[in-house]
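Counting begins at 1 with the first residue of the sequence.
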Amino acid sequence: MVKTGLKVKDVSKDHFSSGSTGNAPKFSRLVVRIVEAKQLLASDVETGKSDPICFVWCGYNDESPNVEQATEHGDGGEQQTRWVATSVCYTTTDPVWNQDIVFPLDISDVMSLSQMRCLVFVRDEDRDEEGNVTYDDLGMLEFPMQDLLIGGRAMQNSIVRASAWYDLKKSPGMRKVDGCVKLTISLIFAPEDTDAINSQLDGVELGNTN
């Protein structure tokens, strides 16, 4: 259902449909906008700050992705291609990214979205003098797609869960966690997919239209 994730630079800037044909998306997609975070743990003892980066994964609830594969320098394996990273915000515990992570959708089985989830791992990036990269975990959060389908706002060609703060949870192995992340989650349908989507969702109420 969800294909390999893409960074915002890999796709059109016009993610959100305004209802005009000029801004219509060219393919159906799930867009995870990483807005900002605040009060993250300070991983660097010398500066009292961190160098935060977010890694996003999307897949089915019964899948168990390997967070150790969430690196910029992975081996290109099947799961690695589904981890997509933001940029790094250096020397801060209150990073601002305002970046979109885009997951193209196969709309042949839209209803399976309710069985999916997004994972967001916030990590501190460290580089040594030789350029080798290591990561320290700062926390994680899980977003069930069912929350988007039930609680999102239905608009033309899209269902959107507007910007909201989510408390970070402990990543595996963490002793403590602090801070929260602001996300916007959007399910956007290409106009040419509308008929197929409507036939699958006939009689099913999705999203909050208020």
Distance col, row Asp44:CG vs Thr93:OG1, nearest 0.5 angstrom, shows 11.5 Å

Nearest 0.5 angstrom please: Phe103 CZ to Trp57 CH2, how far?
9.0 Å

Can you find a heavy atom in the side chain of Cys58 that is under 4.5 Å from one in the side chain of Arg117?
no

Within the 4.5 Å heavy-atom criterion, are Pro52 and Trp97 side-chain neighbours or not?
yes

I need the minimum non-hydrogen distance between Gly131 and Arg127, along with the two atoms involved.
O-NH1, 3.7 Å

Out of curiosity, Trp165 CH2 to Asp167 CG, how far, rounded to the nearest 0.5 Å?
10.5 Å

Please test Thr92 against Ser50 for side-chain contact (heavy atoms from CB on, under 4.5 Å), starting from the C-alpha separation and ending with a verdict.
CA-CA 5 Å; Thr92 181; Ser50 292; over 6 Å; no

State whether a side-chain donor-acceptor pair under 3.5 Å links Ser186 with Ser158.
no

Roughly how far, to the nearest 0.5 Å, is CG of Leu168 from CG of Asp178?
8.5 Å

Decide yes or no on side-chain contact (heavy atoms from CB on, under 4.5 Å) for Arg33 and Leu183, but give the supporting numbers first.
CA-CA 6 Å; Arg33 172 166 290 182; Leu183 303 178; over 6 Å; no

Give a yes or no on whether the backbone of Cys118 and the side-chain of Glu142 come within a donor-acceptor separation of less than 3.5 Å.
no

Report yes if some heavy atom in the side chain of Val96 is under 4.5 Å from a heavy atom in the side chain of Asn98; otherwise report no.
yes

Taking the basic N atoms (NZ, or NE/NH1/NH2) and the acidic carboxylate oxygens, is any pair closer than 4.0 Å for Glu36 and Lys38?
no

Minimum heavy-atom distance between Arg175 and Lys170, given as atom pair plus value
O-NZ, 3.0 Å

Say whether, by atom type as modelled, one donor and one acceptor occur between the side chain of Asp100 and the main chain of Val102 under 3.5 angstrom.
no

Is the closest basic N to carboxylate O distance between Arg123 and Asp137 below 4.0 Å?
yes

Can a donor-acceptor pair be found, under 3.5 Å and without considering hydrogens, that links the side chain of Asn157 to the backbone of Ile188?
no

Is there side-chain contact between Lys182 and Tyr166, with heavy atoms separated by less than 4.5 Å?
no

So, Ser87 versus Gln99: side-chain donor-acceptor pair below 3.5 Å or not?
yes

Do Ile101 and Val31 have side chains that get closer than 4.5 Å, going by heavy atoms?
no

May I ask you to decide if the ring planes of Trp83 and Phe55 are parallel, tilted or perpendicular, using 30° and 60° as cut-offs?
perpendicular

Separation between OG of Ser28 and CG of Leu187, rounded to the nearest 0.5 Å:
7.5 Å

Which heavy-atom pair separates Val122 from Cys54 by the least distance, and what is that distance?
CG2-SG, 3.9 Å

Can a side-chain donor-acceptor contact be found between Gln115 and Tyr60 if the only test is distance below 3.5 angstrom?
no

Answer yes if Leu141 and Val84 sit in the same cluster of Ile, Leu, Val, Met, Phe, Trp and Tyr residues linked by side chain heavy atoms under 4.5 Å apart, and no otherwise.
yes

Single-linkage hydrophobic cluster, 4.5 Å side-chain cutoff, Val160 and Val35 together:
no

Closest non-hydrogen atoms of Leu40 and Leu138, given as atom of the first, atom of the second and distance, are CD1-CD1, 4.2 Å

One pair to check against side-chain contact (heavy atoms from CB on, under 4.5 Å): Val56 and Leu119. What are the steps and the verdict?
CA-CA 6 Å; Val56 184; Leu119 299 179; over 6 Å; no

List the atom of Ser114, the atom of Asn61, and the distance in Å for their closest heavy-atom pair.
O-ND2, 4.2 Å

Closest non-hydrogen contact found for Arg161 with Gly151 is CD-O, 4.0 Å

Same cluster (ILVMFWY, side-chain, under 4.5 Å), Val177 and Ile34:
yes

Could you go through Phe143 and Val32, starting from their C-alpha distance and side-chain angles, then the distance that decides it, and tell me whether this counts as side-chain contact (heavy atoms from CB on, under 4.5 Å)?
CA-CA 10 Å; Phe143 184 88; Val32 181; over 6 Å; no

CD1 of Ile185 to CG of Leu148, rounded to nearest 0.5 Å, is 7.5 Å

